[in-house]
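To start, the structure itself, in structure tokens.
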Amino acid sequence: VPFLTLSGYLHRREGKWEEGKRDFARAVDLDPRNINASNLLADTYVLLRQFDAAIAVANRSIAAGLNLPITHLRRELIRFAVSGDPEILSRALAQAPPDLDVGGGETPVRILLALIRKDYAEAARTLAASPRDTFQEVDFSFYYPRAWYEAIIARAAGDQKKAAAAFAAARKILVQRLETKPEDARTIAVLAQVDAGLGRKDQATAEARHAVELMPLSRDAYDGMLVLHGLAQVYTWTGESERAIERVRQLMNMPGYLTYGYLKVDPSWEPLRSDPRFQQFVASLAPK
């Protein structure tokens, strides 16, 4: 099983999605209770936007004995990604233990729900309740500093002064990481979003493009997609709507985590929501 999961992981990064899916499926067949293999298989279906298959993997895992709160929550996150219905998140989080935070991955989900509801006080309380300094989001391969979420919450609440201070604190942490690991595309892509949040448009755009040059899809289909997502966010946050929509269209035409549900309600795409071109594109993605 470890060999198959490693093989699938490598195939996925090479853009060989069907081969990766096949390896993970074999691993799950051999050991249905292997949570790593099940997660990777479900995740690959999500990346390919084969959501019914991803939910079926989660259901199979639960039936096989992985009847864990995290498995239930991740299954409901898939349903949310499809629909953009915040009530799905609300119900799932209500059923999960309040301290569930595997690798710091569930605090951002709780913050997202609060921000969708425009309950900024609840978003701040959620962040304050966690003892962690770093958190992971959908891809579980990058640690965002606490200051990143402080900035996102403050900006959404309209507190520009607090947002700027938090973005500056996040920037300092990311720059320190780059001293240890220079030219890390994922870090540079997030740094670019921080600079966009600080209003440094030219610098943010240059950094985001540099991240894409460092990690093209031809080199790594997985990280390449994630840094491209970062470029789309920079364009979104710096008022480059046409370029942002162009990148969003590109992202939706390739394997990735961006879905109709997130485009519909995730506050990070809010600057585009008044643009008729964005509205039309997102409406075209709605589940039939």
Closest heavy-atom pair and its distance - [X], [Y]:
X: A185; Y: M215; answer: CB-CB, 3.5 Å
X: V46; Y: A54; answer: CG2-CB, 3.8 Å
X: M252; Y: L285; answer: CE-CD1, 3.9 Å
X: Q136; Y: G103; answer: NE2-O, 2.9 Å
X: P131; Y: R146; answer: C-NH2, 4.0 Å
X: P32; Y: R60; answer: CG-NH2, 4.5 Å

Could you check whether [X] pairs with [Y] (Lys NZ or Arg NE/NH1/NH2 to Asp/Glu carboxylate O, under 4.0 Å)?
X: D184; Y: R186; result: no
X: E87; Y: R117; result: yes
X: K201; Y: D195; result: no
X: R22; Y: E19; result: no

Do [X] and [Y] meet the criterion of a side-chain donor-acceptor pair at a distance under 3.5 Å?
X: E18; Y: H11; answer: no
X: R277; Y: Q280; answer: no
X: T259; Y: R49; answer: no
X: Y9; Y: N36; answer: no

Report yes if some heavy atom in the side chain of [X] is under 4.5 Å from a heavy atom in the side chain of [Y]; otherwise report no.
X: L217; Y: M254; value: yes
X: M225; Y: L258; value: no
X: S268; Y: T236; value: no
X: L174; Y: W148; value: no
X: S130; Y: D101; value: yes
X: Y257; Y: H229; value: no
X: L100; Y: R110; value: yes
X: L66; Y: N34; value: no

Original post:
Cationic tip of R155 within the cone over W237's six-membered ring, i.e. under 6.0 Å and within 45° of the normal?
Top reply: yes

**OP:** Test the R74-F140 pair against the cation-pi criterion, namely NZ or CZ under 6.0 angstrom from the six-membered ring centroid and within 45° of the ring axis.
**Re:** yes

Original post:
Does the side-chain hydrogen bond (donor to acceptor under 3.5 Å, both in side chains) test come out yes or no for T44 and R12, once each step is laid out?
Top reply: CA-CA 8 Å; T44 301; R12 205 166 72 163; 3.0 Å; yes

Could you state the interatomic distance from [atom1] ([X]) to [atom2] ([Y]), rounded to the nearest 0.5 Å?
X: F135; Y: T107; atom1: CZ; atom2: OG1; answer: 5.0 Å
X: K118; Y: L115; atom1: NZ; atom2: CG; answer: 9.5 Å
X: E106; Y: D99; atom1: CD; atom2: CG; answer: 10.5 Å
X: R209; Y: I188; atom1: CZ; atom2: CD1; answer: 15.0 Å
X: N59; Y: R75; atom1: CG; atom2: CZ; answer: 5.0 Å
X: D202; Y: R200; atom1: CG; atom2: CZ; answer: 12.0 Å

**OP:** Show your reasoning for whether side chain to side chain contact (heavy atoms under 4.5 Å, CB included) applies to Q233 and R247.
**Re:** CA-CA 9 Å; Q233 288 276 252; R247 288 287 163 260; over 6 Å; no

Original post:
What about F80 and Y262, are their ring centers closer than 6.0 Å?
Top reply: yes

**OP:** For R125 and E122, run salt bridge (charged side-chain N to carboxylate O under 4.0 Å, His left out): C-alpha distance rounded to whole Å, both residues' side-chain angles, the deciding distance at 0.1 Å, then the answer.
**Re:** CA-CA 5 Å; R125 276 195 297 272; E122 174 60 22; 3.0 Å; yes

Original post:
If you count the non-hydrogen atoms of other residues, nucleotides and ligands that lie under 6.0 Å from CG in N67, is the total more than 12?
Top reply: yes

Original post:
Counting only heavy atoms not in K162, do more than 12 sit closer than 6.0 Å to its NZ atom?
Top reply: no

When hydrophobic residues are tied together by side-chain contacts of less than 4.5 Å, even through go-betweens, does [X] share a cluster with [Y]?
X: Y222; Y: Y143; result: no
X: F142; Y: V194; result: yes
X: L228; Y: W269; result: yes
X: I152; Y: V265; result: no
X: L93; Y: I88; result: yes

**OP:** Applying side chain to side chain contact (heavy atoms under 4.5 Å, CB included), run through L4 and F24 and close with a yes or a no.
**Re:** CA-CA 6 Å; L4 285 167; F24 295 140; over 6 Å; no

Original post:
Can you tell which of D159, I111, T126 makes a side chain to side chain contact (heavy atoms under 4.5 Å, CB included) with I153?
Top reply: I111

**OP:** Before giving the answer on salt bridge (charged side-chain N to carboxylate O under 4.0 Å, His left out), spell out for E270 and R273 the whole-Å C-alpha distance, their side-chain angles and the decisive distance to 0.1 Å.
**Re:** CA-CA 5 Å; E270 190 63 39; R273 295 220 167 92; 2.8 Å; yes

Original post:
Are R79 and D85 close enough, and set up right, to give a salt bridge (charged side-chain N to carboxylate O under 4.0 Å, His left out), and what steps lead you there?
Top reply: CA-CA 8 Å; R79 292 192 167 123; D85 180 359; over 6 Å; no

